[in-house]
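Below, read A as the first sequence line, B as the second, and so on, with proteins coming before strands; counting in each chain starts at 1. Quick caveat, the model's predicted, so the values are computed rather than measured.
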Amino acid sequence: METTGAMAETPLLDIENLRVTFRTSHGTVEAVRGIGFTLGRERLGIVGESGSGKSQTGRAILGLTAGNGEIRADRLRFHGQDLMGFGQREWRAIRGKRISMVMQDPIYSLNPVMTVGRQIVEAYTTHHRVSPREAKEKTLEMLAAVKIRDPESVFGRYPHEVSGGMGQRIMIAMMLIPDPDLIIADEPTSALDVTVQLQVLAILDDLVRERGMGLIFISHDLSLVSSFCDRILVMYKGRIMEELKASELHRAKHPYTRGLLDCLPSLDGPKAPLRVLRRDPAWEIG
Amino acid sequence: MPMLEIEYLNVRFSDTPVLKDVGLAVPRNASFGLVGESGSGKSTVLRTVCGLVDDWDGTISVADRKLGAKRDLAFYRTTQMVFQDPYGSLHPRHTIHRILSEPVKVHRLGDTEARVAAALAQVGLDATFRFRYPHQLSGGQRQRVAIARALILEPQLVLLDEPTSALDVSIQAEILNLLQDLQQRLGLTYVVVSHDLAIVAHMCETVAIMNRGRVVETVATGALGDTASLSPYSRQLLVASKGYDRAAVDRFVDFE
Ligand SMILES: Nc1ncnc2c1ncn2[C@@H]1O[C@H](COP(=O)(O)OP(=O)(O)OP(=O)(O)O)[C@@H](O)[C@H]1O
Ligand SMILES: Nc1ncnc2c1ncn2[C@@H]1O[C@H](COP(=O)(O)OP(=O)(O)OP(=O)(O)O)[C@@H](O)[C@H]1O
Ligand SMILES: [Mg+2]
Ligand SMILES: [Mg+2]
């Protein structure tokens with residue numbers, strides 16, 4: 001078994017010079033501008049301010065870029081397979097089964113007219129041949145694993161009948177149940193309180209360690225990412241500014257990363273005004 | 001006398017008790033924090049003060065006036081709320097001008113144009129923003145508009161429900177600074193609900209920690225460092241807010 005943070009022979013994910021560009025009526029938007037990284041069986045954090053391209057990076061890996069967008073890359077490989085040449089059929093075999101993504105807006109990505117239980121069962125039976133009873137049992141187990149207090153009752157509810165925090169956990173259960181090799185989790189715990197948040201992260205953590213899964217964890221929360229992940233990529237305006245060992249985030253050198261860290265209020269900090277970020281145009285070209 | 005005083009507040013939603021004997025007192029020009037796990041009743045406390053909850057008993061006083069079952073128009077000149085989700089709380093098809101001028105008209109304050117311009121300036125937005133719609137603003141700008149709408153009636157008490165949870169850290173810092181600056185200049189009193197203990201410690205002198213509809217304890221934020229003096233529930237909340245620690249997660253317990 002691989003140890004956390006170590007690189008497998010062929011990385012799970014190997015990306016070089018990835019670009020995502022959107023055409024709009026006001027011109028083009030360069031959401032991702034030539035980024036590259038590899039991912040092993042580890043927890044990789046992506047941080048950066050709103051609009052820096054974190055979600056679009058995740059979506060590009062899953063072939064889910066919106067219709068007005070175009071992806072280019074010198075290399076975009078999963079398990080050595082070239083994702084750039086994928087057609088609908090190849091995507092179907094991988095998406096949800098070997099790579100899955102927990103989307104930023106959980107309620108929005110659930111089907112509003114189907115009970116959450118049925119949706120999770122479906123996510124499981126699409127990829128596994130089991131009896132309906134087994135599928136339901138597995139679903140209830142998964143709901144309990146993401147700390148839903150009353151799985152039986154939640155199983156029968158529709159998405160609008162659960163709170164925001166529950167919706168996030170349901171999405172996580174749905175993504176985990178097919179047992180993928182790679183999970184992209186986009187702000188998966190932002191609506192959860194601090195204790196439940198850590199409990200959900202512990203589940204992801206155990207999957208990385210016990211099953212050798214790879215995890216990309218997208219978040220605004222710098223201190224959470226630094227305590228949870230192995231490595232961190234810091235993005236700004238579609239580019240990677242800095243890559244760091246997570247435990248060494250506080251020693252970041254790039255002024256953008258430092259600027260983000262300086263903005264954070266602290267438990268014992270002074271009540272004086274917080275520092276705000278001053279952006280340097282040079283970071284965009286750098 | 002406190003700006004806001006709540007005693008023995010009980011709230012039920014279809015026979016399920018959601019708040020149980022909640023009590024708190026917020027001095028004038030102070031900031032008071034409310035924290036606790038999801039579903040513990042933080043938003044319900046604010047919503048009840050604001051008159052958005054029907055079935056409650058206990059006493060609530062704002063600016064020395066005891067509140068009855070219904071809130072009159074005058075109440076909202078004293079007390080305003082900024083909601084958890086700035087996107088959802090601004091009408092998507094109304095311009096910023098309309099969003100800000102409507103309360104002025106409802107309260108017949110007059111000088112609509114001047115008040116709208118002043119409210120925008122107060123939150124650091126220039127007058128050209130009047131013609132935009134909410135979806136044409138960034139998350140931080142939308143939150144500024146939500147704050148401007150609360151301030152345009154010149155309230156004394158402002159209830160802030162997760163004022164920055166939808167924003168990234170750089171914009172969060174701007175909004176928190178703005179709120180503190182406005183508090184000093186206008187003598188406002190704040191109640192701040194947040195999942196983030198660091199925000200509450202930064203903004204507030206005092207914090208009430210809630211669990212399952214009850215206030216577990218009320219402490220000075222300066223005392224949060226001294227975890228030994230806290231109740232086990234609050235201590236667990238503090239441990240969790242210090243970041244991920246696999247071993248600590250296994251020690252988490254459910255508090256009744
Ligand atoms: N379909 C689209 N058409 C045009 N521009 C788009 C489209 N989708 C995203 N963008 C733009 O791409 C950029 C990157 O967006 P992305 O969602 O990746 O940001 P993010 O880092 O995830 O931000 P947040 O933290 O707010 O979620 C933004 O400027 C966004 O407005
Ligand atoms: N309109 C309603 N009908 C029934 N139950 C409700 C209603 N609104 C809230 N509740 C319940 O009341 C309890 C307290 O909810 P409240 O929104 O006050 O929690 P909160 O502490 O603000 O949580 P969060 O941190 O998730 O925002 C929860 O159990 C919630 O499910
Ligand atoms: Mg995003
Ligand atoms: Mg709430």
With a 4.5 angstrom heavy-atom cut-off, which part of [X] approaches chain B: side chain, backbone, both or neither?
X: A:Leu264; value: side chain
X: A:Arg275; value: backbone
X: A:Arg278; value: neither

* Pairs flagged by side-chain hydrogen bond (donor to acceptor under 3.5 Å, both in side chains) wherever residues 191-200 of chain B is involved - sequence neighbours left out -> none
* Asked: A:Phe217 ring centre to A:Arg43 NZ or CZ under 6.0 Å, with the angle to the axis within 45°?
  -> no
* **Interface residues of residues 169-182 of chain B facing chain A - heavy atom cut-off under 4.5 Å** => B:Val169, B:Ser170, B:Gln172, B:Ala173, B:Glu174, B:Leu176, B:Asn177, B:Gln180
* Asked: Counting a contact as any heavy-atom pair under 4.5 Å apart, which residues of residues 27-45 of chain B contact chain A?
  -> B:Glu37, B:Ser38
* Any salt bridge between A:Arg231 and A:Glu243, counting N to O under 4.0 Å? -> yes
* Asked: Salt-bridged, A:Arg279 to A:Glu49, with N to O below 4.0 Å?
  -> yes
* **Passing option when A:Met174 is tested against A:Leu110, A:Val102, A:Val116 for side-chain contact (heavy atoms from CB on, under 4.5 Å)** => A:Leu110
* Structure fact -> Residue from A:Val196, A:Asp206, A:Asp262, A:Leu261 scoring the most non-hydrogen pairs under 4.5 Å with chain B is A:Asp206
Please confirm whether the backbone N or O of [Y] pairs with a side-chain atom of [X], one donor and one acceptor, at under 3.5 Å?
X: A:Arg41; Y: A:Met213; result: no
X: B:Glu217; Y: B:Ser231; result: yes
X: B:Asn10; Y: B:Asp21; result: yes

* **Residues A:Ser153, A:Arg157; criterion side-chain hydrogen bond (donor to acceptor under 3.5 Å, both in side chains); working and verdict** => CA-CA 7 Å; A:Ser153 131; A:Arg157 289 198 219 165; 3.0 Å; yes
* **Residues B:Leu125, B:Gln141; criterion side-chain contact (heavy atoms from CB on, under 4.5 Å); working and verdict** => CA-CA 8 Å; B:Leu125 296 176; B:Gln141 291 165 341; 4.2 Å; yes
* Side chain, backbone, both or neither: which part of B:Ser165 has an atom under 4.5 Å from a heavy atom of chain A? -> neither
* To do: Against chain A, label B:Asp250 side chain, backbone, both or neither, depending on which of its atoms sit under 4.5 Å from a heavy atom there.
  => neither
* Step-by-step side-chain contact (heavy atoms from CB on, under 4.5 Å) determination, B:Ile209 to B:Leu237 -> CA-CA 9 Å; B:Ile209 297 155; B:Leu237 216 54; 4.0 Å; yes
Acceptor/donor pairs from residues 218-226 of chain A side chains to any protein atom, 3.5 angstrom cut, sequence neighbours excluded:
{"residue": "A:Ser219", "atom": "OG", "partner": "A:Asp221", "partner atom": "N", "Å": "2.9"}
{"residue": "A:His220", "atom": "ND1", "partner": "A:Glu187", "partner atom": "OE2", "Å": "3.4"}
{"residue": "A:Asp221", "atom": "OD1", "partner": "A:Ser223", "partner atom": "N", "Å": "3.4"}
{"residue": "A:Asp221", "atom": "OD1", "partner": "A:Ser223", "partner atom": "OG", "Å": "3.3"}
{"residue": "A:Asp221", "atom": "OD1", "partner": "A:Leu224", "partner atom": "N", "Å": "3.1"}
{"residue": "A:Ser226", "atom": "OG", "partner": "A:Ser223", "partner atom": "O", "Å": "3.3"}

